[in-house]
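What follows is a single structure, written as structure tokens, with notes after it.
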Amino acid sequence: MGGSIFGLLFILLILSSSIKVVPEYQRAVVFRLGRLIKAKGPGLIVVIPFIDRVLKVDLRVVTLDVPVQEVITKDNVPIKVNAVVYFRVMDPSRSVVEVENHIMATSQLSQTTLRSVIGRSELDEVLSARDKINMELQQIIDERTDPWGIKVSAVEVKELELPEGMKRAMARQAEAERERRAKVIAAEGELQAARALSEAATVMESSPITLQLRYLQTLREVASEKNSTTLFPLPIDLIRPFLEKKGS
């Protein structure tokens with residue numbers, strides 16, 4: 001009686017160890033006597049106890065946070081930058097056979113690639129061409145992790161920390177740029193005003209009555225302010241002979 005119970009328990013133990021349940025988001029990589037068989041799942045799979053070895057691989061997207069890296073840019077500016085990498089396992093068998101720990105390997109590769117790409121870029125490019133740098137990082141990491149059966153879907157540079165001296169210099173540069181634009185706009189306004197006055201003077205020269213009307217309009221504007229100031233125009237023609245005589 002005891003032997004039959006022991007035999008039944010042994011059979012149940014064998015059955016329980018030979019039947020595995022693999023979730024939809026995982027695959028089971030099976031090794032038989034050390035040799036790769038294939039990746040099985042999802043659902044129920046049957047393995048040979050004590051002969052087959054099963055390693056489960058997660059197929060969901062992994063969000064990998066790249067630690068802060070201290071980098072010197074191409075124009076010799078020290079900065080601190082970090083990033084985030086999104087990847088997933090596309091071939092479970094290769095992710096187990098080709099690399100010992102695919103998550104750790106991807107993390108180390110992402111750190112070195114981030115330092116390399118930022119190191120050969122200038123600071124202005126890092127600040128303004130963020131999309132270009134993200135795409136370059138994604139292409140390089142994806143190409144190098146492809147033999148491991150990993151697909152890198154996106155890489156995003158999260159934070160960029162600049163030295164305080166560089167922040168002040170950039171603030172002064174931005175302020176100087178705004179002042180330059182203001183001066184250019186003011187100069188363009190003066191140029192347009194000068195052209196308009198030149199055209200007005202040409203019209204007045206062709207029609208002398210226009211100058212008289214302008215004089216009356218000016219008197220009206222002065223009188224509207226309730227003051228006792230009165231303006232009398234002095235024709236230049238009256239004093240021109242004296243100026244010419246003095247110049248000769």
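Please read these numbers as outputs of a predicted model, since none were measured by experiment. The chain is numbered in sequence order, starting from 1.
Interatomic distance, CG of Leu114 versus CD of Gln69, reported as 6.0 Å (0.5 Å rounding). The structure places CD of Glu122 at 10.0 Å from CG of Asn76, a figure rounded to the nearest 0.5 Å. The CD atom of Glu136 sits 8.0 Å away from the OG atom of Ser116 when rounded to the nearest 0.5 Å. Atom OG1 of residue Thr106 and atom CD of residue Gln108 lie 10.0 Å apart, to the nearest 0.5 angstrom. To the nearest 0.5 angstrom, Lys38 atom NZ is 9.5 Å from Arg32 atom CZ. A distance of 10.5 Å separates CD1 in Ile45 from CD1 in Ile19, rounded to the nearest 0.5 Å.
Between Glu98 and Pro147, the shortest heavy-atom contact is CG-O, 3.5 Å. In this structure, Ser93 and Leu36 approach most closely via the heavy-atom pair CB-CD2, 3.9 Å. Of all heavy-atom pairs spanning Asp65 and Lys158, the tightest one is OD1-NZ, 3.3 Å. The minimum heavy-atom distance linking Val152 with Phe87 is given by the pair CA-CB, 3.9 Å. Closest heavy-atom contact between Tyr25 and Asp58: O-OD1, 3.4 Å. When all heavy atoms of His102 and Ile150 are compared, the pair lying nearest together is CB-CD1, 3.6 Å.
For Arg130 (side chain) and Val157 (main-chain N/O), a donor-acceptor pair under 3.5 Å exists by modelled atom type. Looking only at distances, a side-chain donor or acceptor of Thr113 sits under 3.5 Å from a matching main-chain atom of Leu109. For Ser95 (side chain) and Pro92 (main-chain N/O), a donor-acceptor pair under 3.5 Å exists by modelled atom type. Ser107 contributes no side-chain N or O that, together with a main-chain N or O of Ile103, makes up a donor-acceptor pair within less than 3.5 Å. Checking side-chain atoms of Ser198 against main-chain N and O of Ala194 turns up no donor-acceptor pair under 3.5 Å.
With salt bridges taken as basic N to acidic carboxylate O contacts below 4.0 Å, none links Arg195 and Glu199. In this structure, Glu125 pairs ionically with Lys132, as a charged nitrogen and a carboxylate oxygen lie closer than 4.0 Å. Ion pairing of Glu177 with Arg180 is present here, as a side-chain N (NZ or NE/NH1/NH2) and a carboxylate O approach within less than 4.0 Å.
Residues Arg120 and Lys74 fail the side-chain proximity criterion, which asks for heavy atoms closer than 4.5 Å. By the 4.5 Å heavy-atom criterion applied to side chains, Val97 and Phe31 are counted as neighbours.
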* To do: Decide salt bridge (Lys or Arg N to Asp or Glu O under 4.0 Å) for Asp146 and Lys151; before the verdict, give the C-alpha distance in whole Å, the side-chain angles of both, and the deciding distance to 0.1 Å.
  => CA-CA 6 Å; Asp146 184 67; Lys151 174 62 179 177; over 6 Å; no
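Dense packing is recorded around CG of Leu127, with more than 12 heavy atoms of other residues, nucleotides or ligands lying under 6.0 Å away.
If you check the side chains of Glu156 and Asn134, you find a donor sitting under 3.5 Å from an acceptor.
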